[in-house]
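For reference, the structure discussed in these notes is given below.
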There are 2 protein chains.
Amino acid sequence: MKLQRDLFLGFVKIHILYHASQEEVSGVWLSTELKRHGYAISPGTLYPTLRKLEKDSYLTSSGRVEQGHRRIYYRTTARGKKALEKARHQAHELIDEIEEWE
Amino acid sequence: MKLQRDLFLGFVKIHILYHASQEEVSGVWLSTELKRHGYAISPGTLYPTLRKLEKDSYLTSSGRVEQGHRRIYYRTTARGKKALEKARHQAHELIDEIEEWE
DNA sequence: TAGGCTAATATCGCTTAGCGATATCAGGAT
DNA sequence: ATCCTGATATCGCTAAGCGATATTAGCCTA
């Protein structure tokens, strides 16, 4: 895998957990949102990732039809929120460590 | 893979790039340092990772003997530093996004 | 100087993630 | 009914991650 992806796939998942903790989010919406943050994530990665997160109880889903299109909306579970908390903490820790001070 | 690892392996690599940009670091040293930061990373992951980073020109290595033991020291290359810069930026971006404000 | 000891690094074998490309699927329009 | 479009799913391959185990280099002891 290319390093750039490799370094940031974790970031992407944290973004997902965060957004789904704030509101219901669909795959497409996430796709655009992530692009906005500089992450190009293909459907072949995104959708399996969402399902995996759901399978592992970090997300729950509910499908429905909107504007003539089937959509699946995700929300972060309690377990996911706990993971998100940990991620916040680790991210701060990382920044504190690697920050340049000069 | 367990989510906890999954989310943070990128963090680990960023740590590595950072430390090796500050000073020469060996596998063992990194192992202890990472543990200090809460990352339990096994030799079966760490050493292949270092070699991979070297192979992809993010690190350079130089082996030598110290206190009776063979060690391999790594330093971050220009390319690695560039990746590190990007990582700093993305990490800030992540924090700004997922931070709780209440 | 052969043998064994220890610490550092490397490899093996397996499972599973990531991903580009392609397929499927539901609803709306004609 | 058929076609179109946009959202989600699957396939097939490559390679990452990892626990367990092996290897390696130098030191020590007698």
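What you see is a predicted model; the values in this text were computed from it and never measured. Note on naming: letters A, B, ... go to the chains in the order of the sequence lines (proteins, then strands), and numbering restarts at 1 for each one.
Spacing between atom OH of Tyr47(A) and atom C1' of dA23(C) amounts to 14 Å, rounded to whole angstrom units. Protein atom CZ of Arg51(A) is 10 Å distant from nucleotide atom P of dT8(D), rounded to whole Å. We find that NZ of Lys55(A) is positioned 13 Å from P of dT10(D), with the value rounded to whole Å. Separating the OH atom of Tyr74(A) from the C1' atom of dT8(D) is a distance of 8 Å, rounded to the nearest angstrom. Atom OH in Tyr73(B) sits roughly 9 Å away from atom P in dA8(C) (whole-Å rounding). Distance OH (Tyr39(B)) to C1' (dC18(D)): 18 Å, rounded to an integer number of Å. Remark: P of dC25(C) and CD1 of Ile72(A) are 13 Å apart, rounded to the nearest angstrom. If you measure from atom CG of Leu34(B) to atom P of dG17(D), you get 14 Å, rounded to the nearest angstrom.
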What protein N or O atoms touch nucleotides 16-20 of chain C N or O atoms at under 3.5 angstrom, if any, and at what distances?
unit_1	atom_1	unit_2	atom_2	d
dA17(C)	OP1	Lys52(A)	NZ	3.1
dG18(C)	OP1	Lys13(A)	NZ	3.0
dG18(C)	OP2	Lys13(A)	NZ	3.4
dC19(C)	OP1	Arg5(A)	NE	2.9
dC19(C)	OP1	Arg5(A)	NH1	3.3
dC19(C)	OP2	Thr45(A)	OG1	2.7
dC19(C)	O5'	Thr45(A)	OG1	3.2
dG20(C)	OP2	Ser42(A)	OG	3.2

Taking only N/O atoms, report every protein-nucleotides 4-7 of chain C pair under 3.5 Å with atom names and distance.
unit_1	atom_1	unit_2	atom_2	d
dA7(C)	O4'	His69(B)	NE2	3.3

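Paired with Leu7(A) under the rule side-chain contact (heavy atoms from CB on, under 4.5 Å), one option of Ile14(B), Leu84(B), Val12(B), Leu9(B) passes, and it is Ile14(B).
Under the 4.5 Å side-chain criterion, counting only non-hydrogen atoms from C-beta, Glu54(A) is in contact with Arg51(A). The shortest distance between side-chain heavy atoms of Trp29(A) and Glu24(A) does not fall below 4.5 Å. Annotation: side chain of Arg88(A) is in contact with side chain of Tyr18(A) (closest heavy-atom distance under 4.5 Å). With contacts defined as side-chain heavy-atom distances shorter than 4.5 Å, the pair Ser31(B)/Leu46(B) qualifies.
Side chains of Glu97(B) and His92(B): a donor-acceptor N/O pair is absent below 3.5 angstrom, by distance only. Judged by distance alone, the side chains of Tyr73(A) and Glu66(A) do bring a donor and an acceptor atom under 3.5 Å apart.
Annotation: the span from Phe8(B) atom CZ to Phe11(A) atom CZ amounts to 10.0 Å, rounded to 0.5 Å.
Judged as a ring pair (Phe, Tyr, Trp, His ring centres under 6.0 Å), and not counting sequence neighbours, the contacts of His37(B) are His15(B).
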